[in-house]
Undergrad: 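I am attaching a structure below and will ask some questions about it afterwards.
Just so it is clear: chains get the letters A, B, ... in the order the sequence lines come, proteins before strands, and each one is counted from 1. The figures that follow rest on heavy atoms only: side chains count, while hydrogens, waters and symmetry mates do not.
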Number of protein chains: 2
Amino acid sequence: MPSKPSPITMDAVYTAPGYLFRRMQQIAVSIFVEECSAFDLTPVQYAALVAIHTHPGIDATRLSAVIAFDRSTLGNVIERLESKALIERKPSREDKRVKLLYLSKSGATVLRDIMPSVERAQVRMLQPLKPADRKTLLALLTQLVDLNNEASRVPLRAEDALEHLGKAG
Amino acid sequence: MPSKPSPITMDAVYTAPGYLFRRMQQIAVSIFVEECSAFDLTPVQYAALVAIHTHPGIDATRLSAVIAFDRSTLGNVIERLESKALIERKPSREDKRVKLLYLSKSGATVLRDIMPSVERAQVRMLQPLKPADRKTLLALLTQLVDLNNEASRVPLRAEDALEHLGKAG
DNA sequence: CCGATATTGTAAGTACACTGTCAATCTACA
DNA sequence: TGTAGATTGACAGTGTACTTACAATATCGG
């Protein structure tokens, strides 16, 4: 038999996983920006810097796959990082369509210096939980994000980053 | 003694809670929009409709507190809901600054009809986990969001919604 | 070698998410 | 009463996040 429709209450919103994820994302960004205010970097800009540091000469398309970030939006992020002189873009000689991304000297400095603040932010996000619960939550989230990877519009493709070092495919 | 700085790797990004929250939010929105595509409603628009349904005659400021959503952005959301004729705005007689929000007839219909799709979306987000793990994750997330409430720029103030029914404060 | 197809960067359009600022208006205190 | 301070909605500005579309360029099949 079909179940009766539940009454529509705010509680239905507050207990929904989707609401909790949105709320937690708000909180996480807020804490990150606060801890890293001295560096004027957003979480996404930070992730991009790390990826470019790890994969010098990566192009925008691969970068988007490596940080699971929308390709079109990434254009704006790259633009901002370039205008802050944290990265440099050089045209590829092999493929005239491609612009290769490199950390600038000041980009490398900023990345090195921001690490403690980022670390503090990550700690603060989970601080209210008991240590054992932090581990549990992190493990479950990691699992869930991994298993849901294909459900997002921009699946993570970490291995794509290696392609620019000789086409292994 | 001070600890040595860790080497900067993508793994530091992938295992950071902040990254996982962002990723999970991406996935959650993607699933929601997909399940509810027939209704052309975003998660925030849905939350706003529920809150207006639960608190008819609420104003924008209180609505923002009830769904923990930035007040300025909410203006645009309200505008979109109004242009889709899902809600109505009426000037308050007591306070000429205030515009009171009400569900329109079609707004009430849409809200009723979208519920099963929303429910499906919420289930899908946690589907990859074992049932016991879903409960654990939800419990920990609820706890964390609650304890971190003040850390966000827009803390949830569920009780604010009641104020428009006679100033209790 | 050439045309179909794919990739790359870019841009326009929509929607969230936050920061400020501002005028109109309301409230409370002196 | 009258004005200082708070509240309300509106707007401008930045940045994330996604969609679709497009031109330039590469690559592959015939």
Undergrad: Classify the side chain of Ser72(A) and the base of dA11(C) as holding, or not holding, a donor-acceptor pair under 3.5 Å.
TA: yes
Undergrad: One pair to check against side-chain hydrogen bond (donor to acceptor under 3.5 Å, both in side chains): Arg120(B) and Ser117(B). What are the steps and the verdict?
TA: CA-CA 5 Å; Arg120(B) 264 199 309 280; Ser117(B) 302; 3.3 Å; yes
Undergrad: Using a cut-off of strictly less than 4.0 Å, decide whether Gln26(B) has a side-chain nitrogen or oxygen near OP1 or OP2 of dA17(D).
TA: no
Undergrad: Leu41(B) and Leu49(B): which non-hydrogen atoms are nearest, and at how many Å?
TA: CD1-CD1, 3.7 Å
Undergrad: Taking OP1 and OP2 of dA10(D), is either one under 4.0 Å from a side-chain nitrogen or oxygen of Lys99(B)?
TA: yes
Undergrad: To the nearest angstrom, how far is Ile27(B) atom CD1 from dC18(D) atom C1'?
TA: 15 Å
Undergrad: In whole Å, I'd like the distance from the CZ atom of Phe21(A) to the C1' atom of dA17(D).
TA: 18 Å
Undergrad: Are any of Arg62(A)'s side-chain N or O atoms less than 4.0 Å away from OP1 or OP2 of dT8(C)?
TA: yes
Undergrad: When you measure from every atom of DNA chain D, which of residues 74-85 of chain A have a heavy atom less than 4.0 Å away?
TA: Val77(A), Arg80(A)
Undergrad: Would you say the side-chain atoms of Gln45(B) pair up with the backbone N or O of Leu81(B), donor to acceptor, closer than 3.5 Å?
TA: no
Undergrad: Quickly work out the Asp59(A) CG to dT8(C) P distance and round it to whole Å.
TA: 6 Å
Undergrad: Round to the nearest Å and state the distance from Glu34(A) atom CD to dA17(C) atom C1'.
TA: 16 Å
Undergrad: Is the backbone of Leu129(A) close enough, under 3.5 Å, to the side chain of Arg134(A) for a donor and an acceptor to pair up by distance?
TA: yes
Undergrad: Per the atom types in the model, does the base of dT25(C) pair as donor or acceptor with the side chain of Arg97(B) at under 3.5 Å?
TA: yes
Undergrad: Looking only at side chains, do Asn148(B) and Arg124(A) share a donor and an acceptor under 3.5 Å apart?
TA: no
Undergrad: Is a donor-acceptor pair below 3.5 Å formed from side chain Ser30(A) to base dC18(C), judging by atom type as modelled?
TA: no
Undergrad: I'd like to check the side-chain hydrogen bond (donor to acceptor under 3.5 Å, both in side chains) partners of Arg97(A); sequence neighbours left out, ordered by chain and number.
TA: Asp95(A)
Undergrad: Please determine, for the side chain of Thr73(B), which listed nucleotide (dA17(C), dG9(C), dT16(D)) has the closest atom?
TA: dA17(C)
Undergrad: Base, sugar-phosphate or nothing for Thr42(A)? Non-hydrogen atoms, less than 4.0 Å.
TA: sugar-phosphate
Undergrad: Between dT16(D), dT25(D), dG9(D), which nucleotide gets closest to the side-chain atoms of Gln45(A)?
TA: dT16(D)
Undergrad: By the 4.0 Å heavy-atom rule, please label Arg22(B) as base, sugar-phosphate, or nothing.
TA: sugar-phosphate
Undergrad: Checking Ser30(A) side chain against Gln26(A) main chain: does a donor-acceptor pair fall under 3.5 Å?
TA: no
Undergrad: Please compare Asp95(A) and Ala60(B) by the position of their nearest nucleotide in DNA chain D and report the one closer to 5'.
TA: Ala60(B)
Undergrad: Rounded to the Å, how far apart are Asp40(B) CG and dC16(C) C1'?
TA: 15 Å
Undergrad: If I take atom NZ in residue Lys96(B) and atom P in nucleotide dA24(C), what distance separates them, rounded to the nearest angstrom?
TA: 13 Å
Undergrad: For Lys90(B) and dT8(D), what is the distance between atoms NZ and P respectively, to the nearest whole Å?
TA: 21 Å
Undergrad: Quick check on dA17(C): is either OP1 or OP2 less than 4.0 Å from any side-chain nitrogen or oxygen of Gln25(B)?
TA: yes
Undergrad: As a test of reading the structure: which of dA17(C), dG15(D), dA10(D) is closest to the side chain of Arg89(B), going by heavy atoms?
TA: dA10(D)
Undergrad: Over all strands shown, is Asp70(A) touching base, sugar-phosphate only, or nothing at heavy-atom distances under 4.0 angstrom?
TA: base
Undergrad: Between Ser92(A) (side chain) and Lys99(A) (backbone), is there a donor-acceptor pair under 3.5 Å?
TA: no
Undergrad: From CZ of Arg93(B) over to C1' of dC26(C), roughly how many Å is that when rounded to an integer?
TA: 18 Å
